[in-house]
Number of protein chains: 2
Amino acid sequence: MMKKSKHPSLSEVAKRAGVGTTTVSRVINGGHRVDPKTLARVLDVIETLGYMPSQAARTLKGDRSGTIGLIVPSIVDPFFSSCAEVVQSIARANDSLLIVATTQNDPHAEVDDLNVLIRHRVDGLIIAPANSQSKQLTDILRRAAVPVVAIDRPLIHLPIPSVVADNFNGAYSATRHLIDHHYKRIVCLTGETTLYSIRERIHGYRKAVESAGLACILDTSIKDYESAKYAIESLFARADPPDAIFTLKNSTTIYAFEALEQLNIPVPDCVALLGYDDFELAATVRPSITVVQQPIEEIGRIAAELLFEQLLSVHRFSWPTGSARPQQVKLATRLIRRRSCGCPQAEAKAERSQQAGQRGSGRVLRSMQER
Amino acid sequence: MMKKSKHPSLSEVAKRAGVGTTTVSRVINGGHRVDPKTLARVLDVIETLGYMPSQAARTLKGDRSGTIGLIVPSIVDPFFSSCAEVVQSIARANDSLLIVATTQNDPHAEVDDLNVLIRHRVDGLIIAPANSQSKQLTDILRRAAVPVVAIDRPLIHLPIPSVVADNFNGAYSATRHLIDHHYKRIVCLTGETTLYSIRERIHGYRKAVESAGLACILDTSIKDYESAKYAIESLFARADPPDAIFTLKNSTTIYAFEALEQLNIPVPDCVALLGYDDFELAATVRPSITVVQQPIEEIGRIAAELLFEQLLSVHRFSWPTGSARPQQVKLATRLIRRRSCGCPQAEAKAERSQQAGQRGSGRVLRSMQER
DNA sequence: CTGTTAGCGCTTTCAC
DNA sequence: GTGAAAGCGCTAACAG
């Protein structure tokens with residue numbers, strides 16, 4: 001004979017304990033104002049039955065669902081998995097579960113994910129929008145009236161807070177660094193030019209080279225190792241090969257590094273390499289790679305904190321105090337100087353402690369507020 | 001005047017459309033057996049109101065919650081984030097959301113997470129248990145009667161399916177490979193010896209060295225770069241330094257690699273290095289690192305498929321057909337020969353295509369079934 | 001084809 | 001301290 005149903009319900013507990021449902025409810029919510037003897041008995045029944053309150057019922061009753069959603073392009077991408085980890089831990093600290101949905105930067109998938117999450121009545125949402133100006137996305141968000149924080153890429157057309165890195169200045173000062181090294185032909189390699197972050201970086205690069213009177217050599221065709229190798233090969237086949245390469249994305253940096261090695265083009269002697277976004281082995285490969293480091297965990301942490309701030313205030317007041325809320329947080333990046341740009345070798349030991357020490361040191365650059 | 005409530009309900013839609021709730025319900029569930037004109041009207045109202053059915057209500061009503069849980073040590077760990085990504089995509093294909101919870105291998109956190117997920121009535125669960133033989137964990141799982149699949153580490157004391165890599169043979173043949181290179185003093189470096197996977201690898205290593213009549217030199221103290229460096233330093237300060245190092249974990253491999261470089265111990269000339277678990281730049285660093293590659297995505301994919309198989313069959317029958325279900329899937333690993341073990345350099349181009357080609361080629365070694 | 005109705009499991013007045 | 005009862009939003013019998 002098998003027990004058909006799945007989970008015991010509160011009323012079953014009440015029955016078995018010989019009390020009313022109210023009492024059981026009180027017990028599982030802290031056990032205040034319950035007679036110690038009753039309390040003990042109810043707890044005992046709960047234990048025996050293995051009772052677990054149904055979040056579905058609670059949610060239906062009007063409570064929060066106890067979940068927040070995270071919509072990102074990918075979860076294998078170290079940038080977003082780091083964010084996810086931080087967000088998850090903050091969610092846990094706020095008694096919430098994290099639902100992760102990935103979009104591969106496909107606006108269609110993004111809208112789908114968003115709708116599903118709304119059906120699930122997530123209490124809040126953190127999203128790295130594939131398209132910063134998607135009308136459809138903002139429409140849904142506006143209607144759902146669910147607290148949202150955008151990360152990595154702001155969401156325009158809508159007064160919602162966002163936490164992003166200062167892509168423009170990160171790229172600008174990186175390029176400046178190359179210029180200071182007296183490189184004259186600095187090429188910029190990238191792909192995914194539809195993304196806000198990449199665009200900002202391109203602007204930073206362009207601003208730097210142009211104001212230095214240098215040529216803006218931009219190749220936006222990099223999609224994989226093959227295209228990177230092809231691009232580099234072509235560049236070096238020309239009469240005026242570049243003397244520095246600035247890659248705007250983690251994977252592009254790696255592709256370029258491998259291609260240069262494959263093509264026997266010495267770095268930094270023949271060409272310098274500087275990448276946007278740090279990665280685990282950037283200091284270990286030879287030559288070590290100079291990069292623009294983003295305060296990834298800070299982004300996740302601040303976004304999550306901003307979100308739960310909203311959640312709590314929404315709980316208290318029906319609408320947040322008149323104070324300006326939608327903050328646009330922009331975090332400073334750091335240039336990590338290693339060998340590939342031509343800088344003298346940093347002592348590895350030093351870099352290690354340096355890396356450890358700067359954890360979570362991303363500073364808030366600007367924190368404008370406006371409705 | 002601000003609208004107080006949040007989401008419109010089905011009955012509001014019904015009222016506005018001048019129909020009964022059943023009709024609306026039918027509409028949002030495919031719109032079958034509904035008069036086209038009524039259908040259109042209802043859809044219109046839904047559109048206007050921005051109505052989104054409440055999953056909470058559906059779940060309460062007895063439907064599946066449309067969520068599955070994933071409990072892993074960490075989400076930044078490439079191994080688990082890869083699993084997560086695959087699982088998420090399969091979940092989506094089955095109209096389910098993925099809730100991710102991380103434990104940092106802390107059994108306490110694990111139990112907490114599990115309980116919360118059960119409260120949320122996840123339809124199924126994929127878990128990489130911190131402790132394969134946790135009584136508490138198995139008790140909860142048994143009672144909750146929620147479909148579960150274990151990954152990376154099996155869950156004993158309970159007849160649930162698991163999908164793991166063949167750690168023993170992976171480590172065994174890796175060690176054999178070093179032995180075939182005529183190394184005589186093969187040291188094994190690791191930490192986290194409480195984990196099933198690590199233990200299996202140690203067994204594989206031990207079996208190989210012992211049956212070859214070599215010494216078993218095991219250092220289980222590696223926790224970070226410092227400890228790795230210290231261990232290696234100590235080993236080489238001895239009269240009989242090792243001529244090969246076998247690291248059992250991704251991070252350990254990297255620490256060892258960096259420490260060797262730091263200590264100016266040439267690889268593979270002075271000492272060979274072989275690591276368990278492949279990583280992105282293993283082929284790019286110099287020397288490139290020979291590793292045991294695990295079929296990570298396969299693990300995630302098979303686990304998710306196994307899980308949804310259970311979910312579907314549970315739906316049909318109240319209990320799965322008498323056939324043996326709890327499969328213990330063990331997937332073969334591959335030894336990727338690169339330079340650090342002393343093998344001649346593989347042509348990089350070849351490795352690239354090789355890597356691409358072998359994606360998802362993890363073969364099922366054994367697939368035993370037993371109640 | 002369509003409406004009425006009875007709960008799903010829980011919280012929450014409001015009485016006792 | 002405690003219980004009875006009214007829903008939260010939805011689905012699924014049952015009637016029509």
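Residue numbers begin at 1 in each chain, while the letters A, B, ... track the order of the sequences.
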Rounded to the Å, how far apart are [X] [atom1] and [N] [atom2]?
{"X": "Leu60(A)", "N": "dC8(C)", "atom1": "CG", "atom2": "P", "value": "13 Å"}
{"X": "Lys15(B)", "N": "dT4(C)", "atom1": "NZ", "atom2": "C1'", "value": "15 Å"}
{"X": "Arg64(A)", "N": "dC8(D)", "atom1": "CZ", "atom2": "C1'", "value": "17 Å"}
{"X": "Glu12(A)", "N": "dG7(C)", "atom1": "CD", "atom2": "P", "value": "16 Å"}
{"X": "Arg33(A)", "N": "dG3(D)", "atom1": "CZ", "atom2": "P", "value": "16 Å"}
{"X": "Asp35(A)", "N": "dG3(D)", "atom1": "CG", "atom2": "C1'", "value": "15 Å"}
{"X": "Arg121(B)", "N": "dG9(C)", "atom1": "CZ", "atom2": "P", "value": "9 Å"}
{"X": "His120(A)", "N": "dC10(D)", "atom1": "NE2", "atom2": "P", "value": "13 Å"}

Donor + acceptor pair across side chains of [X], [Y] (<3.5 Å):
{"X": "Arg58(A)", "Y": "Ser65(A)", "result": "no"}
{"X": "Ser82(A)", "Y": "Glu297(A)", "result": "no"}
{"X": "Arg16(B)", "Y": "Thr48(B)", "result": "no"}

Heavy atoms, side chains only, cut-off 4.5 Å: are Glu110(A) and Ile127(A) in contact?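 In short, these two side chains touch, coming nearer than 4.5 Å.
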Answer yes or no: is there a side-chain heavy-atom contact under 4.5 Å between His120(A) and Ser54(B)?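 No, every pair of side-chain atoms sits at 4.5 Å or beyond.
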What is the per-nucleotide protein-contact pattern of nucleotides 11-16 of chain D, from the 5' end, where B denotes a base atom under 4.0 Å from a protein heavy atom, S denotes such proximity for sugar-phosphate atoms only, and - denotes neither? BBB---
Would one find a side-chain N or O of Thr23(A) under 4.0 angstrom from OP1 or OP2 of dG3(D)?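 For dG3(D), OP1/OP2 do have a side-chain N/O of Thr23(A) under 4.0 Å.
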Counting heavy atoms from C-beta on, name the nucleotide in dT2(C), dC8(D), dC10(C) closest to the side chain of Ala57(A).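 Of dT2(C), dC8(D), dC10(C), dC10(C) is nearest to the side chain of Ala57(A).
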May I have the step-by-step check of side-chain hydrogen bond (donor to acceptor under 3.5 Å, both in side chains) for Arg301(B) and Ser89(B), ending in yes or no? CA-CA 9 Å; Arg301(B) 186 179 62 73; Ser89(B) 80; over 6 Å; no
Tell me which of Gly18(B) and Ser9(A) sits closer to the 5' end of DNA chain C, going by the nucleotide each one is nearest to.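 It is Gly18(B) whose nearest nucleotide is closer to the 5' end.
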Can Arg92(A) and Asp113(B) be counted as an ion pair, charged N to O under 4.0 angstrom?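 A salt bridge links Arg92(A) with Asp113(B).
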